[in-house]
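Structure, as structure tokens:
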Amino acid sequence: MRTVEISEDDPTIMLQLVRVSLFIIQNILWIIQYLMVRISSLSPLVSMAALAACSVNDRAPMDDDEKLIQATIAMLDGKDEPVCIDEKTVGRPLSVFHTITSNLPPGARAPGWFVPARFSPPDPLSNDEVYRGAQIEGSVLIDQPTNNVEPVSRAEQAKLHRAATLLSREPADHTILISESWQPGIKVRWWLRNRLSSHCTPNYHISNAINARDIGFVSVTADHWGTTYAFRRTDTGWVVAAQWSNWLY
């Protein structure tokens with residue numbers, strides 16, 4: 001009888017172990033998702049009360065922060081699929097702007113503002129791609145974000161940079177509960193359910209909004225990409241005016 005030794009460093013064996021582990025994890029997450037759906041179906045009275053509350057909220061006038069979030073949603077690319085969004089906004093919209101612009105190396109120029117475009121992150125890497133990159137090739141390559149549009153004028157650059165710098169120092173802790181009624185073709189769900197679902201990508205995470213007089217800012221992240229939109233107040237509402245350099249996180 002011949003004994004076969006299996007090396008722990010064998011990439012083939014390691015790949016199989018990773019695949020089995022991912023399969024087990026995916027099934028556990030599916031079970032959790034299934035239980036969540038079942039539990040919610042056992043609470044019709046709670047669901048009806050929540051629906052009634054949402055109906056009241058939908059009829060209430062929208063404030064500036066809600067209008068800014070609604071205008072941001074219009075800039076998200078669902079790639080011919082429903083746009084999947086976390087149901088609540090979280091975080092300061094200018095935190096990345098503040099971090100980058102306040103820590104520039106000597107002589108470096110701050111990223112600029114561009115003509116706004118729809119936000120469309122690349123397709124996320126598969127589990128096999130992540131494993132092969134990290135364990136076999138030694139690195140995971142993610143597409144670098146770009147802005148394939150023209151920058152706004154120098155005068156507008158200066159105004160936006162000054163406003164963003166001032167507002168980045170202010171708190172932005174007004175969490176918004178997003179409604180699917182704000183725009184057709186969006187799926188607004190609890191953040192964990194979005195993460196568990198493999199049928200709705202990319203998953204967009206929207207920051208809180210901040211505004212002062214006639215200018216406002218909101219950031220969006222999805223699949224390691226992020227961007228910040230600047231808005232101008234008009235007689236008909238908030239209109240997207242510019243988009244800051246996309247970043248990788």
Side-chain angles (χ1 to χ4, degrees), residues 53-54 56-58 60-76 83-105 108-114 116 119 121 145 147 152 156-183 186 188-192 194-195 202-234 237-249:
C54 288
V56 172
N57 289 336
D58 289 342
M62 297 176 68
D63 61 24
D64 281 328
D65 286 352
E66 291 172 326
K67 291 176 181 178
L68 282 166
I69 300 302
Q70 184 183 37
T72 302
I73 293 173
M75 300 301 297
L76 305 182
V83 176
C84 298
I85 306 171
D86 292 352
E87 66 176 352
K88 291 183 179 180
T89 62
V90 178
R92 299 170 64 181
L94 294 169
S95 59
V96 173
F97 174 90
H98 176 77
T99 299
I100 293 179
T101 57
S102 60
N103 293 279
L104 289 173
R109 295 181 60 184
W113 294 88
F114 295 81
F119 185 47
N147 292 84
V152 299
E156 187 68 6
Q157 293 269 359
K159 291 179 182 178
L160 291 170
H161 186 82
R162 182 167 56 253
T165 299
L166 292 173
L167 289 178
S168 67
R169 303 166 185 164
E170 299 296 325
D173 52 7
H174 182 197
T175 298
I176 301 297
L177 186 62
I178 300 172
S179 172
E180 289 189 349
S181 66
W182 289 359
Q183 182 172 304
I186 64 174
V188 179
R189 302 186 296 187
W190 183 37
W191 70 269
L192 181 57
N194 270 342
R195 301 305 180 274
N203 291 317
Y204 289 103
H205 171 91
I206 303 178
S207 74
N208 297 338
I210 192 168
N211 73 87
R213 297 182 181 178
D214 64 343
I215 192 167
F217 299 93
V218 178
S219 285
V220 187
T221 55
D223 296 330
H224 299 289
W225 275 27
T227 196
T228 300
Y229 287 107
F231 298 85
R232 292 286 187 189
R233 189 196 301 271
T234 68
W238 290 96
V239 177
V240 60
Q243 180 179 11
W244 197 56
S245 299
N246 293 331
W247 70 80
L248 191 67
Y249 73 97

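Remember, predicted model here, so these are calculated numbers, not experimental data.
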All heavy atoms of Ala108 vs all of Leu104, minimum pair found to be O-CD1, 4.1 Å
Which heavy atom of His98 sits nearest a heavy atom of Ser168, and at what distance? ND1-OG, 3.5 Å
For the atom pair CZ (Phe217) and OG (Ser207), what is the distance rounded to the nearest 0.5 Å? 11.5 Å
Closest heavy-atom pair, Trp244 versus Thr227, reported as atoms and distance to 0.1 Å, is O-OG1, 3.5 Å
Let's go through Asn211 and Arg233 carefully: what are the C-alpha distance in whole Å and the side-chain angles of both, what is the deciding distance for side-chain contact (heavy atoms from CB on, under 4.5 Å) to 0.1 Å, and is it a yes or a no? CA-CA 10 Å; Asn211 73 87; Arg233 189 196 301 271; 3.9 Å; yes
Euclidean distance, Trp225 CH2 relative to Asn246 CG, rounded to 0.5 Å: 6.0 Å
Would you say the side chain of Leu177 lies within less than 4.5 Å of the side chain of Lys88, judging by non-hydrogen atoms? yes
Just verifying a value: how many Å separate Tyr204 OH and Ile186 CD1, rounded to the nearest 0.5 Å? 12.5 Å
Distance col, row Leu167:CG vs Ile210:CD1, nearest 0.5 angstrom, shows 4.5 Å
Under the side-chain contact (heavy atoms from CB on, under 4.5 Å) criterion, do Leu76 and Val220 qualify, and how do the steps go? CA-CA 9 Å; Leu76 305 182; Val220 187; 3.8 Å; yes
Determine, step by step, whether Leu68 and Tyr229 satisfy the side-chain contact (heavy atoms from CB on, under 4.5 Å) criterion, reporting the C-alpha distance in whole Å, the side-chain angles of both residues, the deciding distance to 0.1 Å, and the verdict. CA-CA 10 Å; Leu68 282 166; Tyr229 287 107; over 6 Å; no
Step through the shown structure and confirm whether more than 12 heavy atoms of other residues, nucleotides or ligands are within 6.0 Å of NE2 on His205. yes
Non-hydrogen atoms of Gly112 and Gln157 that approach each other most closely: CA-OE1, 3.6 Å
To the nearest 0.5 Å, tell me how far Thr72 OG1 sits from Lys67 NZ. 14.0 Å
Would you say Gln243's side chain and Phe114's backbone share a donor-acceptor pair under 3.5 angstrom? no
Compare every heavy atom of Ala164 with every heavy atom of Trp113, then report the nearest pair and how far apart it is. CZ2-CB, 4.0 Å
Would you check if Val96 and Thr228 make a side-chain contact, meaning some heavy-atom pair closer than 4.5 Å? no
What do the steps show when you test Asn208 against His174 for side-chain contact (heavy atoms from CB on, under 4.5 Å), and what is the final call? CA-CA 6 Å; Asn208 297 338; His174 182 197; 5.6 Å; no
Measure the shortest side-chain to side-chain distance between Thr165 and Arg162 over non-hydrogen atoms and say whether it is less than 4.5 angstrom. no
Is Trp191 close to Asn203 at the side-chain level, that is, under 4.5 Å between some pair of heavy atoms? no
Can you find a heavy atom in the side chain of Leu160 that is under 4.5 Å from one in the side chain of Ile215? yes
Distance, nearest 0.5 Å, that separates CH2 of Trp238 from CE of Met62: 13.0 Å
Identify the heavy atoms of Glu156 and Arg232 that sit nearest to each other, and give their distance. OE2-NH2, 3.1 Å
